[in-house]
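Accompanying notes for the structure given below.
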Amino acid sequence: MEYFSQNLRLLGTMSQKPINMKYLFVLFLVLLVTVSCKKDPEPTDDTQYVALKFDTLYASPDTFGIGGQTEIKAIASGTQLTYAWSVSLGDILGSGATVNFVASPCMYGTYQVTCTVSDSKSNQQQRICNITIQ
Amino acid sequence: MRIFPLVFLLFFPLLAGAQCFSSPGNPIGGTLNTGATKKGLLRMNTFNRYSFTRNYYEGSKKTENMLYEKAHYDYVGLLLAAGITSRLTFENEAGYFPFKTVYYNYPFSLYDDNKTGSGLSNWVTSFKYLIFAEDDKRFYLSASAGLKVPFSREFQSTNNVELPVDVQPSTGAYGGVFQLYVMKEYSFTGTRLFAVSRYEHNGENLKRYRFGDAFLQSLFYSRHLYLGNTPFPENWTVIMQVRFEWRDMNTVYLKTFPDNEWAKHTVTGTGGYAILVSPQLNYTIKSKWNLSLSGELPAYQYLNQKQLGRGWAILLNVSTDIQMWK
């Protein structure tokens with residue numbers, strides 16, 4: 001009980017202390033710098049821009065058995081590339097330039113995986129890769 | 001007697017059970033509503049359905065898990081039905097998946113642990129007609145035909161990777177729904193028998209993927225509970241549903257290689273049939289609001305080749321009627 005009342009008294013003296021405006025100003029500056037330091041995406045000027053070139057899209061292996069999987073790679077060059085993937089049927093796992101294609105348990109035939117690469121100027125190129133499940 | 005029309009509509013969420021992970025879109029039953037609605041009556045019905053499954057089936061036997069470890073979804077449905085005349089009812093239904101998730105087995109889980117789709121499903125608009133009504137014998141026959149419209153024809157992606165068809169919230173395809181309702185009431189015993197036949201036809205989506213047609217046959221038995229000294233003995237109703245479901249295999253058009261021509265393929269690992277059992281408990285408040293809770297379990301299922309089978313589901317339903325005009 002004694003300990004509790006001592007702490008209460010200490011808290012009372014602390015709350016009576018005038019708040020130093022200098023500290024508040026420093027805190028404000030720190031917040032301002034933190035917020036303003038948020039990194040914007042780098043602008044792409046024409047001198048840095050590399051034209052989009054989608055060289056190839058391939059699966060390795062491109063033929064496998066039912067229920068199997070394969071790795072698909074997109075080889076492209078350009079500025080700030082993004083890779084979008086779609087498939088006629090099946091699951092694509094992962095993201096980016098390399099993904100994995102997984103066939104459903106009873107899926108067979110030739111399926112097409114499409115990769116669309118976009119660059120910083122929204123230019124797009126598309127390649128299609130055939131995968132055969134036997 | 002006033003309870004009867006309200007209790008009828010409680011049959012409908014029981015049929016909201018035909019959704020499985022190989023057939024995205026509205027869980028079937030969203031447009032189901034027993035008989036025709038009275039003239040000038042607006043019927044509102046909302047339900048939430050949670051479904052979970054984790055077992056693969058090959059034929060009727062459980063088999064080892066394949067691609068998915070488990071899957072679950074939550075679906076919120078809203079049905080509005082308005083009685084245009086004493087025989088004709090106009091119905092609209094919409095649904096939303098807060099989540100629809102598949103979890104991958106090892107080693108696939110090394111790349112992605114799970115994939116989740118969410119969003120509006122399909123919208124179904126239909127007309128229902130009371131073909132035959134014999135009030136003395138309390139026997140009713142109705143039929144309905146409706147159009148299924150996808151809320152979106154685009155396919156959902158996450159991280160620029162298109163989600164698998166199993167977790168897409170919408171079929172992305174137009175379709176048709178045809179239903180037949182037969183009902184027989186026994187007023188003295190507070191029981192009724194009810195049968196719903198439903199046929200669904202699905203069109204192709206933009207990927208030229210078509211979900212197989214489906215046929216459902218549901219049989220219901222309902223009875224008021226008289227519990228003696230309980231505060232509201234006449235407000236409780238129990239319903240037991242047994243449902244048979246059949247689904248045709250899905251098809252997809254793929255381009256041949258190297259000819260680059262479209263060729264139709266059957267997705268052999270889809271389709272099958274199942275018998276499901278669904279008990280339901282209803283509570284009516286002031287003959288106006290209805291609350292119901294139901295569960296669903298597959299009693300038997302036969303799936304073509306290997307598929308993730310049907311699991312259990314639980315539904316919560318709230319419904320009411322408002323007289324809009326005379």
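The sequence lines fix the lettering, A, B, ..., with proteins before strands; numbering per chain opens at 1.
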Measure the spacing between CG of B/D112 and CG of A/N100 and express it to the nearest 0.5 Å. 9.5 Å
Residues in salt bridge (Lys or Arg N to Asp or Glu O under 4.0 Å) contact with B/R208, at least two apart in sequence or another chain: B/E204
Where does B/Y104 contact chain A at under 4.5 Å (heavy atoms): side chain, backbone, both or neither? side chain
Considering only heavy atoms, which portion of A/T82 lies under 4.5 Å from any heavy atom of chain B: side chain, backbone, both, or neither? side chain
Considering non-hydrogen atoms only, spot the tightest contact between A/L89 and B/Y209 and give its length. CD1-CE1, 3.4 Å
Just do the side chain to side chain contact (heavy atoms under 4.5 Å, CB included) check on B/L254 and A/Y111 with the steps written out, would you? CA-CA 7 Å; B/L254 300 172; A/Y111 293 82; 3.5 Å; yes
Surrounding CD of A/Q126 (heavy atoms of other residues, nucleotides or ligands, distance under 6.0 Å), is the total greater than 12? yes
What's the separation between atom CD1 in A/I92 and atom OH in B/Y111, rounded to the nearest 0.5 Å? 14.0 Å
Calculate, to the nearest 0.5 Å, the distance between atoms CG and CG belonging to A/D91 and B/L67 respectively. 5.0 Å
Spatial distance of atom OH (B/Y253) from atom OG (A/S88) [nearest 0.5 Å]: 14.5 Å
If you compare all heavy atoms of A/S95 against all heavy atoms of B/N159, which two are closest, and at what distance to 0.1 Å? CB-O, 3.8 Å
Residues two or more places apart in sequence or in another chain: which of them pass ring pair (Phe, Tyr, Trp, His ring centres under 6.0 Å) with B/Y199? none
Tightest non-hydrogen contact, residues A/L93 and B/K115, listed as CD2-CE, 3.9 Å
Do other residues, nucleotides or ligands put more than 12 heavy atoms under 6.0 Å from the NZ atom of B/K70? yes
